[in-house]
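Read through the structure below, which is laid out as structure tokens, and then see the notes.
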2 protein chains.
Amino acid sequence: MLRLSKRVEYGLIAVRHIAALHVGTVVTAKEISDRYHIPFDLLAKILQRLSKSGLVIAQHGVKGGYSLSKSPDQIPLSLIVNAIEGRQVVAVCISEKNEDCRISETCTIKSSLFKIQNNVDQIFSTMLLSEIV
Amino acid sequence: MLRLSKRVEYGLIAVRHIAALHVGTVVTAKEISDRYHIPFDLLAKILQRLSKSGLVIAQHGVKGGYSLSKSPDQIPLSLIVNAIEGRQVVAVCISEKNEDCRISETCTIKSSLFKIQNNVDQIFSTMLLSEIV
DNA sequence: GGAATCACGACTCTTTCGGTCGTATTTGAA
DNA sequence: TTCAAATACGACCGAAAGAGTCGTGATTCC
């Protein structure tokens, strides 16, 4: 309960590493995988998501690799987390349009859940990548 | 990821209900189960944990049921959550003595994870049961 | 003594998560 | 122009966690 996924952990490590690169240089998934002992295939998939979201820039082919698309002080952790996992919520009733929570009608804690959600969101939108490099 | 368990959701609903009782009265697991459409067996187990932790008082036998052990403004949500699920952490490296995180030696985000953990903890220790009744 | 209630642990089923694999595509350089 | 190194993508599998059920026992009131 209330765990971050391994994907997010690995993603944070990877993005932090990329953020620490000298400008103009790139790093490959393989290098990061070796350096931090992260399963290559898994890391590759994570970096693909980060690339797809535009947060990191992928360069294909030989001499390819990843670099950061903008300054670390412009990147809240929420951007990284959302790129990897999409919007995450503490309970189904937060996100679902059709209330597919079985007990929705009688639920008495919706407002509390929303408050918790807002506070959790704020944690990640407040912390910047630049703080953790 | 970052989800509250159903146990915690149900527990919050139940404790909130108990907190709203007139003093001197009790409510049974069955009544709460019916009222909020929560699976009885599951709810019973949750209430047992809450009882074991001393947060609610269980009265056995006919005319038995549950009541609150102290004033709702003395009960942060963290107390409820911990009673139900024990201490929960956002990543293994937060709690484990023997670092059984496989990549512990090379992990570069420990301090960030701790910061996230502290902020999450604060959410639940700050919100009081009295606020959600 | 019986009915209503809480207590506890074992068990099953489902979903989520972590991780792997196969294949395609892009790119730089020999 | 060919090949190797790299990213891209989706399908798949096994393990772990989560949700829910069941059986049995203990306590209390009438």
Side-chain angles (χ1 to χ4, degrees), chain A residues 1-11 13-14 18 25-34 36-67 69 83-86 88-92 100-103, chain B residues 1-11 13-14 18 25-34 36-67 81 83-86 88-92 100-103:
Chain A
M1 198 196 77
L2 283 178
R3 273 275 160 106
L4 293 172
S5 67
K6 285 289 178 189
R7 279 191 289 266
V8 165
E9 287 186 41
Y10 295 157
I13 291 172
I18 296 171
T25 66
V26 299
V27 62
T28 67
K30 183 79 173 55
E31 287 169 331
I32 298 177
S33 162
D34 287 345
Y36 299 102
H37 308 112
I38 300 172
F40 173 78
D41 286 321
L42 187 51
L43 177 63
K45 198 156 47 176
I46 295 164
L47 287 166
Q48 283 160 28
R49 293 187 191 185
L50 291 166
S51 163
K52 203 170 182 180
S53 81
L55 209 149
V56 306
I57 297 169
Q59 191 169 344
H60 283 222
V62 183
K63 296 282 178 183
Y66 295 96
S67 57
S69 73
I84 296 171
E85 298 284 3
Q88 296 294 304
V89 290
V90 298
V92 279
D100 63 11
C101 171
R102 297 173 327 177
I103 67 171
Chain B
M1 197 196 76
L2 284 177
R3 274 271 161 107
L4 292 172
S5 67
K6 286 286 177 191
R7 280 192 290 263
V8 165
E9 286 185 42
Y10 295 157
I13 291 172
I18 296 171
T25 65
V26 299
V27 63
T28 68
K30 183 81 173 55
E31 287 168 331
I32 298 177
S33 162
D34 287 344
Y36 300 103
H37 309 110
I38 299 172
F40 173 78
D41 286 320
L42 187 50
L43 177 62
K45 198 156 45 174
I46 295 165
L47 287 166
Q48 283 160 28
R49 295 187 191 185
L50 290 166
S51 164
K52 204 169 183 182
S53 81
L55 208 150
V56 306
I57 297 168
Q59 192 168 342
H60 283 220
V62 182
K63 295 283 178 185
Y66 296 95
S67 57
V81 172
I84 296 172
E85 297 285 3
Q88 296 293 304
V89 290
V90 298
V92 280
D100 63 11
C101 172
R102 298 173 326 175
I103 66 169

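Letters A, B, ... are given to chains in the order of the sequence lines, protein chains preceding strands, and every chain is numbered from 1. Just so it is clear, the model here is predicted, and its values are computed rather than measured.
One finds no side-chain N or O of A:S51 lying less than 4.0 angstrom from the OP1 or OP2 phosphate oxygen of D:dT7. Put simply, A:H60 has no side-chain N or O that comes within less than 4.0 Å of OP1 or OP2 on D:dA5. Phosphate proximity of C:dT5 to B:Y66: absent, as no side-chain N or O sits under 4.0 Å from OP1 or OP2.
Between the CD1 atom of A:I46 and the P atom of D:dC9 there is a distance of 15 Å, rounded to whole Å. The nearest whole Å value for the distance from the CD atom in A:Q48 to the P atom in C:dT26 is 14 Å. Counting to the nearest Å, the C1' atom of D:dA5 and the NZ atom of A:K63 are 11 Å from each other.
When each of B:Q88 and A:L47 is assigned the nucleotide of DNA chain D with its nearest heavy atom, A:L47 is the one assigned upstream, toward the 5' end. Across the interface with DNA chain C, nearest-nucleotide mapping of A:Y10 and B:K30 shows B:K30 to be the residue nearer the 5′ end.
A:Q59 and A:S67 share no side-chain donor-acceptor pair at under 3.5 Å.
Distances from the side chain of B:V62 to the nucleotides D:dT7, D:dC29, C:dC6 place D:dC29 closest. Checked against C:dG18, C:dC6, C:dC8, the side chain of B:K52 finds its nearest nucleotide in C:dC8. In the set C:dT20, C:dC6, D:dG18, C:dT20 carries the atom at the smallest distance from any side-chain atom of A:L42. Which of D:dA6, D:dC9, C:dT5 sits closest to the side chain of B:T28 comes down to C:dT5.
Counting non-hydrogen atoms under 4.0 angstrom, B:A44 reaches nothing in the nucleic acid.
Closest of all the heavy-atom pairs between B:S33 and B:P39 is OG-C, 4.2 Å. Among all heavy-atom pairs drawn from B:A44 and B:Y66, the shortest one is O-OH, 4.5 Å.
When atom types are taken as modelled, the side chain of A:T28 and the backbone of A:G65 share no donor-acceptor pair closer than 3.5 angstrom.
Remark: the A:K45 side chain and the C:dT20 base include a donor-acceptor N/O pair separated by less than 3.5 Å.
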